[in-house]
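Okay, so here's the structure we're looking at.
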Amino acid sequence: MSEHQDWSQGLGGIVEEMASHQPPEIDTSLPHSARMYDYWLGGKTNFPPDRALGEAFEQAIPSIRTMARENRDFLGRAVRHMVREAGIRQFLDIGTGIPTEGNTHEVAQTEAVDCRVVYVDNDPIVLAHARALMVSADRGSTAYIHADLREPERILSHPALTGTLDVTRPVGLMLVAILMLLEDEDDPWGKVRALLDALPAGSHVAITHPSADFNAEAMGQVVAAAEQGRLTLVPRTREQVAEFFGDWELIEPGVAPVMAWRPDGEPPVDPQAAYYWAGIARKRS
């Protein structure tokens with residue numbers, strides 16, 4: 001039996017289990033970051049509170065829709081880098097968000113059809129869309145875990161992960177626009193470290209994170225709007241973002257403005273127009 005057949009045999013049960021899973025009740029009375037991103041990206045899976053807070057953010061930062069798109073574009077560049085230059089064929093994407101154009105598995109499997117992807121999110125609406133995430137290339141596979149980044153051990157031990165990924169081989173860990181949803185007292189650095197420690201040498205991690213370094217006044221207004229909407233949003237400095245990578249080897253150009261991290265085509269005129277730091281790092285042998 002081939003390696004692919006071994007992995008696929010266990011995956012059928014995972015998909016069947018998900019199909020029968022009753023999603024948690026969806027609370028549409030409060031905004032959710034995944035649905036706000038969906039709104040900014042032009043999607044339709046959002047509700048009045050998501051749009052209201054999204055518009056409040058946009059009043060403080062008129063380019064917020066562009067910033068959401070820049071995060072999405074960076075995800076694509078990061079996945080292509082990992083597949084093409086690092087030979088990675090399996091990914092763990094935490095903070096998946098609502099499916100839209102350019103999902104991790106779509107980008108990865110365009111480059112190599114046998115790529116495997118596990119998605120993680122805590123929004124019940126994303127769980128409801130999990131079947132869409134399951135549409136994969138014939139030789140690849142995808143799975144979804146309804147879980148929170150605050151529980152890395154649960155994610156790492158979940159049968160959907162252990163049945164889809166081989167964690168003895170390099171993994172691409174995607175943490176795109178997710179870490180700002182954890183307060184400092186949640187110890188986000190410790191949560192990320194638990195994930196990094198569990199991955200083998202040759203693994204890569206991609207991170208983006210909003211920061212007040214680019215425009216402190218605008219970011220302060222956004223944080224205030226988030227507090228009114230009962231949504232956690234913690235901008236962090238470049239030094240704090242760099243700390244998430246631990247002792248892994250940063251890939252050039254290091255921790256950079258998201259628009260300036262190996263952009264496709266011509267370099268941006270103003271690389272600081274999107275208020276996010278971004279970087280990719282590799283775990284040394």
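Please read all numbers here as calculations on a predicted model, not as lab measurements.
- We find the CG-CG distance between Leu182 and Asp187 to be 9.0 Å, quoted to the nearest 0.5 Å.
- When side chains are defined from C-beta on, Val83 counts as touching Arg89, because their heavy atoms get closer than 4.5 Å.
- A heavy-atom distance below 4.5 Å is not found between the side chains of Ile98 and Tyr37.
- In this structure, Tyr276 OH and Thr208 OG1 are separated by 6.0 Å, a value rounded to the nearest 0.5 Å.
- The distance from atom NE2 of His204 to atom CD of Glu85, rounded to the nearest 0.5 Å, is 8.5 Å.
- Between the side chain of Asp213 and the backbone N or O of Thr237, no donor-acceptor pair lies under 3.5 Å.
- Heavy-atom minimum distance, Leu53 versus Gly229: CD2-CA, 4.4 Å.
- In the hydrophobic clustering of this structure, Tyr39 groups with Leu233; members are Ile, Leu, Val, Met, Phe, Trp, Tyr whose side-chain heavy atoms approach within less than 4.5 Å, directly or through other members.
- Residues Pro257 and Trp277 meet the side-chain proximity criterion, which asks for heavy atoms closer than 4.5 Å.
- The number of heavy atoms from other shown groups lying within 6.0 Å of CD (Glu185) is above 12.
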Working note: Val222 + Tyr275, criterion side-chain contact (heavy atoms from CB on, under 4.5 Å); need CA distance, chi angles, decisive distance, verdict. CA-CA 12 Å; Val222 164; Tyr275 308 152; over 6 Å; no
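- Under a hydrophobic-cluster definition in which Ile, Leu, Val, Met, Phe, Trp and Tyr are linked whenever side-chain heavy atoms come within less than 4.5 Å, directly or via other members, Val167 and Trp248 are assigned to the same cluster.
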Show your reasoning for whether salt bridge (Lys or Arg N to Asp or Glu O under 4.0 Å) applies to Asp264 and Arg77. CA-CA 8 Å; Asp264 296 324; Arg77 297 198 302 274; 5.0 Å; no
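- To the nearest 0.5 Å, atoms CG (Asp38) and NE2 (His32) are separated by 12.0 Å.
- Across all non-hydrogen atoms, the minimal contact from Ile61 to Met219 is CD1-CE, 4.4 Å.
- Tested against Ser141 for a side chain to side chain contact (heavy atoms under 4.5 Å, CB included), the candidates Gln109, Gln90, Arg116 yield a single pass: Arg116.
- Distance alone, capped at 3.5 Å, is enough to place a donor-acceptor pair between the Asp121 side chain and the Thr96 backbone.
- Atoms CG and CG, on Leu161 and Asp166 in that order, are 10.5 Å from each other to the nearest 0.5 Å.
- Residue Asp93 is tested with Thr104, Thr142, Asn103 for a side chain to side chain donor-acceptor pair (under 3.5 Å); the sole match is Thr104.
- With rounding to the nearest 0.5 Å, the separation of CD in Glu249 from CZ in Arg284 is 5.0 Å.
- Atom CD of Glu239 has more than 12 heavy atoms from other residues, nucleotides or ligands within 6.0 Å.
- The hydrophobic cluster containing Leu199 also contains Leu250, counting ILVMFWY residues as joined when their side-chain heavy atoms lie under 4.5 angstrom apart, directly or transitively.
- Side-chain contact between Thr168 and Pro200 is absent, with no heavy atoms from C-beta onward closer than 4.5 Å.
- Taking a cutoff of 4.0 Å between a charged side-chain nitrogen and a carboxylate oxygen, Arg236 and Asp184 qualify as a salt bridge.
- Between the side chain of Asn46 and the main chain of Arg51, no donor-acceptor pair closer than 3.5 Å is present.
- Residues His158 and Val120 are not in side-chain contact: their nearest non-hydrogen atoms beyond the backbone lie 4.5 Å or more apart.
- Summarising the local packing, CZ of Arg230 is surrounded by 12 or fewer heavy atoms from other residues, nucleotides or ligands at distances under 6.0 Å.
- Side-chain contact between His105 and Tyr119 is present, with heavy atoms from C-beta onward closer than 4.5 Å.
- Between Ser203 and Leu173, every side-chain heavy-atom pair lies at or beyond the 4.5 Å cut-off.
- Contact annotation: the side chain of Pro253 approaches that of Arg262 to within less than 4.5 Å [non-hydrogen atoms, C-beta and beyond].
- Looking at every heavy atom in both residues, Pro170 comes nearest to Ala201 through CG-O, 3.7 Å.
- Hydrophobic clustering (ILVMFWY, side-chain heavy atoms < 4.5 Å, transitive): Leu149 and Trp189 are in one cluster.
- Under the 4.5 Å side-chain contact rule for hydrophobic residues, Val234 and Leu175 do not share a cluster.
- Arg238 places no side-chain N or O within 3.5 Å of a backbone atom of Ser211 that could act as its donor or acceptor partner.
- Using modelled atom types, one side-chain atom of Asp186 and one backbone atom of Glu183 make a donor-acceptor pair closer than 3.5 Å.
- One N or O on the side chain of Glu106 and one on the backbone of Gly102 form a donor-acceptor pair closer than 3.5 Å.
- Taking each heavy atom of Ala160 and Tyr144 in turn, the nearest pair found is CB-O, 4.1 Å.
- When all heavy atoms of Ile280 and Ala78 are compared, the closest pair comes out as CD1-CB, 3.5 Å.
- Residue pairs meeting the ring-ring contact (aromatic ring centres under 6.0 Å, His included) criterion with at least one member in residues 42-80, sequence neighbours excluded, are Trp40-Phe57, Phe74-Trp261.
- Here the closest non-hydrogen pair linking Asp123 and Ala34 is OD2-CB, 3.9 Å.
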